[in-house]
Amino acid sequence: MNRILAETYPDAHCELDFANPLELLVATILSAQCTDKRVNMVTPALFAKYRTAEEFAAADRTELEEMIRSTGFFRAKANSILGMAQRICDHYGGEVPHTLKELVTLPGVGRKTANVVLGNAFGVPGITVDTHFGRLTRRFGWTKELDPVKVEHAIAKLIPKAEWTMLSHRLIWHGRRICQARRPACGVCPLAALCPAYGEGPTDEATAIKLVKSGPFS
DNA sequence: ATCCCGAGGG
DNA sequence: CCCTCTGGAT
């Protein structure tokens, strides 16, 4: 299945628009529970107004909230951006740090966000277990784990490190285009013949979680 | 386990 | 109406 994914999505890549590590970090924070398409609608104005960690840290909270409102969770995200920028100024000389350990100390930055920045801004192999990655690897029967960290470790044993970042992009692309949460398009899926969840696949994530827990996939 | 919190699809 | 979208902090 991994080989077919690679052949189907040879050019899969991060679909958030960014020009430097700081922009990617901000865009990834905004992408929580939000489509990247919508993130890309608010970031041009945002990145024109705030260009450095210093400028983000000095941003007016209300103005920042209004600019990112449509991405949802806007108060929490504004708070994360302000705190993250402040800490980058205080502890990292205004530059986005390059390690997972340092990145996850930033407010609003968890393991998933840190791996996105490492993989796409710094070229460090990383597995980014988001909603798509978890759903697809469970449907494929690659893992039964629900905890993102356990999913990450399980896949790390199955796939060579050099492929981690591209696999993440490919699963996300496939999840967006074909293997959608609510209505997977099994009829046009290039993995159909190999997929344990073909046809009788769950049609929504809540159902999927219940089925995985009761153990029909193995 | 629950909260944050908006937009779009079915 | 209900679910989902590249989660993280409490």
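Lettering follows sequence order; numbering is per chain, from 1. Just the heavy atoms: all of them, side chains too, but no hydrogens, waters or symmetry mates, feed the values below.
- C/dG7 atom P lies 10 Å from atom CZ of A/Arg135, rounded to whole Å.
- Heavy atoms of A/Pro148 sit nowhere under 4.0 angstrom from any nucleic acid atom.
- Of the side-chain N and O atoms in A/Gln33, none sit less than 4.0 angstrom from OP1 or OP2 of C/dC5.
- Between the C1' atom of C/dT6 and the CZ atom of A/Phe18 lies a distance of 13 Å, rounded to the nearest Å.
- Residue contacts for A/Thr71: at a heavy-atom cut-off of 4.0 Å it reaches no nucleic acid atom on any strand shown.
- Rounded to an integer number of Å, the gap from CH2 of A/Trp164 to C1' of C/dT6 is 19 Å.
- Between A/Asp36 and A/Gly108, the one whose closest nucleotide on DNA chain C sits nearer the 5' end is A/Asp36.
- Distance CG (A/Leu103) to P (C/dG8): 11 Å, rounded to an integer number of Å.
- Ring orientation note: the planes of A/His13 and A/Trp173 are nearly perpendicular, at an angle over 60° on the 30°/60° scale.
- For CE of A/Met1, the number of neighbouring non-hydrogen atoms (other residues, nucleotides, ligands) closer than 6.0 Å is greater than 12.
- Residue-level contact check: A/Thr113 touches the backbone only, with heavy atoms under 4.0 Å from sugar-phosphate atoms and none from bases.
- Between A/Thr131 and C/dC5 there is a side-chain polar atom (N or O) within less than 4.0 angstrom of OP1 or OP2.
- Contact annotation for A/Val39: no contact, since no heavy-atom pair falls under 4.0 Å across all strands.
- Ring centroids of A/His169 and A/Tyr9 are separated by 6.0 Å or more, keeping the two rings apart.
- Between the side chains of A/Arg170 and A/Asn2, no donor N or O sits under 3.5 Å from an acceptor N or O.
- The interatomic distance linking A/Gln180 (CD) with C/dC5 (P) rounds to 9 Å, in whole Å.
- Atom name P, nucleotides B/dC4 and C/dT6: the rounded distance is 23 Å, in whole Å.
- Residue contacts shown for A/Leu106 are limited to sugar-phosphate atoms, with no base heavy atom under 4.0 Å away.
- Residue A/Glu66 places its CD atom among more than 12 non-hydrogen atoms of other residues, nucleotides or ligands, all under 6.0 Å distant.
- One interatomic measurement links the two molecules: CG of A/Leu25 to C1' of C/dG8, which rounds to 13 Å at whole-angstrom precision.
- Spacing between atom CZ of A/Arg111 and atom C1' of C/dT6 amounts to 16 Å, rounded to whole angstrom units.
- We find that NE2 of A/His132 is positioned 12 Å from P of C/dT4, with the value rounded to whole Å.
- Residues forming a ring-ring contact (aromatic ring centres under 6.0 Å, His included) with A/Phe133 (at least two apart in sequence, or on another chain): none.
- Both cation-pi conditions hold for A/Arg69 and A/Phe74: the charged atom is under 6.0 angstrom from the six-membered ring centre and inside a 45 degree cone around its axis.
- Contacts between chain A and DNA chain B, taken as any atom within less than 4.0 angstrom of a protein heavy atom, begin and end at B/dC4 to B/dG9.
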